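Here the structure comes first, spelled out in structure tokens, and everything after it is commentary.
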Amino acid sequence: MLSEASVRFSQRPFPSGDAALLLRMATIFLMGHVARATKGNASRPNGMKGWQSERIDAICVISNIIGKILHKGFFMTEHVSVSKISNHVGQDVILKGWVYNRTDKGKLVFLLVRDGSGFIQCVAFKGDLQPETFDLITHLPQESSVVITGAVREDKRAPGIPGGFEVGIKDLQVVQAADIDYPMALKDHGVDFALDHRHLWIRMQSQWAILRVRVRVMSAVREYLDGQGFFNLDTPILTPAAAEGTTTLFETEYFDEGSAFLAQTGQLYNEANIFAFGKVYCFGPTFRAEKSKTRRHLTEFWMLEPEIAFCDLDGLMEVEEGMISYIVQSVLRDCAAELKSLGRDVTKLENISAPFPRMSYDDAAKFLIELYEKETDPDKKELLKFEWGMDFGAPHEVELTKLNEKPLFVYGYPSAVKAFYMEPWPGRPEICKSVDLLAPEGYGEVCGGSERMSDHDALLARIKKEGLPEEAFKWYLELRKYGSVPHSGFGMGVERVVAWLCGIEHIREAIPFPRTIKRVYP
RNA sequence: UCCUGGCUAGCUCAAUCGGCGGAGCGAGCGGCUGUUAACCGCUAGGUUAGAGGUUCAAGUCCUCUGCCAGGAGCCA
């Protein structure tokens with residue numbers, strides 16, 4: 001009740017200028033009366049909800065009456081966002097945005113205007129406007145910032161996001177006429193050029209849509225985990241040591257303490273946090289100085305890492321599939337227009353729901369070895385080369401994900417190809433309780449996780465065997481001395497998930513300002 | 001680090017066997033009342049990444065350098 005009333009109240013058209021001042025003064029005056037009139041109800045057992053919503057309803061009614069009175073002669077148009085334009089059909093509105101494209105038809109000009117919330121077509125007819133205004137519109141450079149006043153109407157022909165609505169221009173003010181040499185033409189660009197102009201490229205519809213999906217993915221992650229009782233406790237970015245070897249770390253001076261390193265995982269700290277909070281996650285940027293040059297790698301990327309106490313490998317997979325399903329369904333529901341503008345085939349996402357198929361590494365290896373032996377093309381055969389004990393390459397992941405329409409869990413990898421902290425498989429010390437989640441359509445590994453070693457002595461032995469500096473892991477080992485429990489966690493690469501959901505080739509488009517081995521600008 | 005490919009107008013790309021460097025977009029001017037990255041006409045726009053070499057002649061062939069991309073390894 002309260003929220004509905006609030007929404008209605010906020011959507012109430014508010015005038016501007018003198019009329020606004022008059023209306024606001026009158027409203028404030030009346031609000032005082034309403035407040036006093038309803039104050040006696042504040043002590044209700046039900047608390048605030050009841051009397052607050054009644055009060056807001058009363059204010060709505062009063063302001064609506066005043067608005068209707070002022071509408072005759074005084075009423076001014078209000079600023080609305082493109083995303084809310086469907087609520088204003090038949091009304092005059094003000095749009096504040098940028099000229100995305102201009103199509104000049106002689107006595108008729110179409111402006112495609114974007115305002116951050118969407119894209120909408122605005123139409124200028126020569127006969128409806130002052131000659132100088134019309135002339136101004138026909139010469140507006142791409143990306144000029146404008147304030148447009150006009151009437152909203154429904155029109156199936158109108159392009160845009162959401163599309164189907166357009167604004168008949170009655171007035172247009174130029175905030176700034178953009179320079180005519182705007183470099184991002186509405187066409188395809190080379191990778192280098194596009195990335196050099198990333199600060200402008202993000203204005204293009206495709207990039208806008210991808211980054212909107214990213215935002216939804218990130219909020220869906222938080223919604224899901226928070227709803228499952230996880231605590232978001234972020235872990236340090238400046239760290240003293242590596243979790244997975246020291247060759248892929250960015251190093252920086254740290255006062256008199258020598259070197260610090262940019263974190264490549266928050267996992268070790270998550271493991272400390274679960275003993276205080278049970279279920280936690282960290283969500284932030286992660287840094288890897290790997291010299292990887294592929295469509296799946298960035299040197300700075302965002303990783304979500306949940307960690308759960310009293311959780312084994314099966315429990316971990318249940319969390320992963322539940323969360324991924326929630327993310328996919330949230331994006332399908334809330335980013336339909338974005339996915340459509342990207343040309344994404346959403347039928348490939350619609351049936352992504354838990355449970356996901358599970359395959360052991362042994363079975364996957366058997367499948368890949370058979371595939372390798374059957375392959376006759378020598379080039380393909382070389383790429384598919386596989387034997388038990390190897391980690392999967394990208395071509396292997398693609399072949400495995402072809403088996404299902406849903407993401408695929410592969411569990412029980414050889415310990416030799418995985419990190420030191422993973423719990424050995426009972427009775428099979430050569431493999432560990434690890435699991436990777438491979439996204440369909442060849443998008444590959446989006447999550448990697450494991451049950452962690454919970455035994456102090458076994459972990460210490462492994463650290464020694466790996467030649468890792470024992471003193472750096474002193475605190476980490478201590479976690480196994482005071483109430484150690486089976487626990488598990490995983491990491492999810494946000495950009496890989498976004499790339500998969502958007503159906504884009506390269507994850508550099510799934511982050512606002514990508515950092516790669518060759519690029520720190522802009 | 002390795003393998004492969006590329007670098008021609010502001011952008012995206014052509015240029016046949018080594019034989020007069022072209023188009024589209026963008027920009028400017030003009031035309032058009034329903035365009036979807038409009039269309040039509042005209043105009044401007046070039047040290048072919050840099051250096052050297054072969055040749056009567058090099059965007060094209062050779063050598064070196066630089067830059068970029070895709071992939072491998074590694075990983076999320």
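Below, chains carry the letters A, B, ... as their sequence lines are ordered, and counting in each starts from 1. Since the structure is predicted, the reported quantities are computational estimates derived from the model, not experimental observations.
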Given the [atom1] atoms of [N] and [M], what is the spacing between them in whole Å?
N: B:C40; M: B:A49; atom1: P; answer: 31 Å
N: B:C61; M: B:G18; atom1: C1'; answer: 8 Å
N: B:U35; M: B:U43; atom1: C1'; answer: 25 Å
N: B:A37; M: B:G24; atom1: C1'; answer: 12 Å
N: B:G34; M: B:U16; atom1: P; answer: 43 Å

So how far is it from A:Q267 CD to A:S450 OG, rounded to the nearest 0.5 Å?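 If we round to the nearest 0.5 Å, A:Q267:CD and A:S450:OG are 6.0 Å apart.
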[N] phosphate, OP1 or OP2, under 4.0 Å from [X] side-chain N/O:
X: A:H197; N: B:C11; value: no
X: A:R153; N: B:G34; value: no
X: A:K293; N: B:G70; value: no

Do NZ/NE/NH1/NH2 and the carboxylate oxygens of A:R519 and A:D192 come within less than 4.0 Å?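 Yes, this pair counts.
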Whether A:E495 and A:R214 form a salt bridge (side-chain N of Lys/Arg under 4.0 Å from carboxylate O of Asp/Glu) is what I want to check.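 Yes.
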Syn or anti: how is B:C17 classified when any glycosidic angle within 90° of 0 counts as syn?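 Base orientation relative to the sugar is syn.
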Out of [options], which has the shortest distance to the side chain of [X]?
X: A:H189; options: B:C11, B:G34, B:G70; answer: B:C11
X: A:K105; options: B:G34, B:C75, B:G71; answer: B:G34
X: A:E445; options: B:C74, B:G70, B:A76; answer: B:A76
X: A:K518; options: B:C75, B:C68, B:A37; answer: B:C68
X: A:K187; options: B:A76, B:C11, B:C29; answer: B:C11
X: A:R157; options: B:A27, B:G34, B:C11; answer: B:G34
X: A:H139; options: B:A69, B:U33, B:C29; answer: B:C29
X: A:V123; options: B:A72, B:A37, B:G34; answer: B:G34
X: A:E397; options: B:C11, B:C75, B:G34; answer: B:C75
X: A:I180; options: B:G28, B:C68, B:U33; answer: B:G28

Verify the stacking flag for A:F301 against B:A76: centroid separation must be under 5.5 angstrom and the ring planes must differ by under 30 degrees.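 Yes, A:F301 stacks on the base of B:A76, since the ring centres sit under 5.5 Å apart and the planes are within 30°.
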Any strand counts, and the cut-off is 3.5 Å on both contacts for Watson-Crick or G-U wobble. Which nucleotide pairs with B:A14?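 Paired with B:A14, as far as the under-3.5 Å criterion goes, is no nucleotide at all.
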Quick one: look up who B:A58 pairs with, Watson-Crick or G-U, both distances under 3.5 Å, and put none if it's unpaired.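 B:A58 is paired with nothing.
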Using a cut-off of 4.0 Å on non-hydrogen atoms, how would the nucleic acid contact of [X] be classed: base, sugar-phosphate, or nothing?
X: A:Q205; answer: nothing
X: A:D391; answer: sugar-phosphate
X: A:M303; answer: sugar-phosphate

Tell me if the NZ atom of A:K418 is crowded by more than 12 foreign heavy atoms within 6.0 Å.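 It does: A:K418 NZ has more than 12 such atoms within range.
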Consider side-chain contact (heavy atoms from CB on, under 4.5 Å). Of A:Y413, A:Y361, A:F386, which one does A:D391 pass it with?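 That would be A:Y413.
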Is the distance between the ring centroids of A:F473 and A:F420 less than 6.0 Å?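 So the answer is yes for these two rings.
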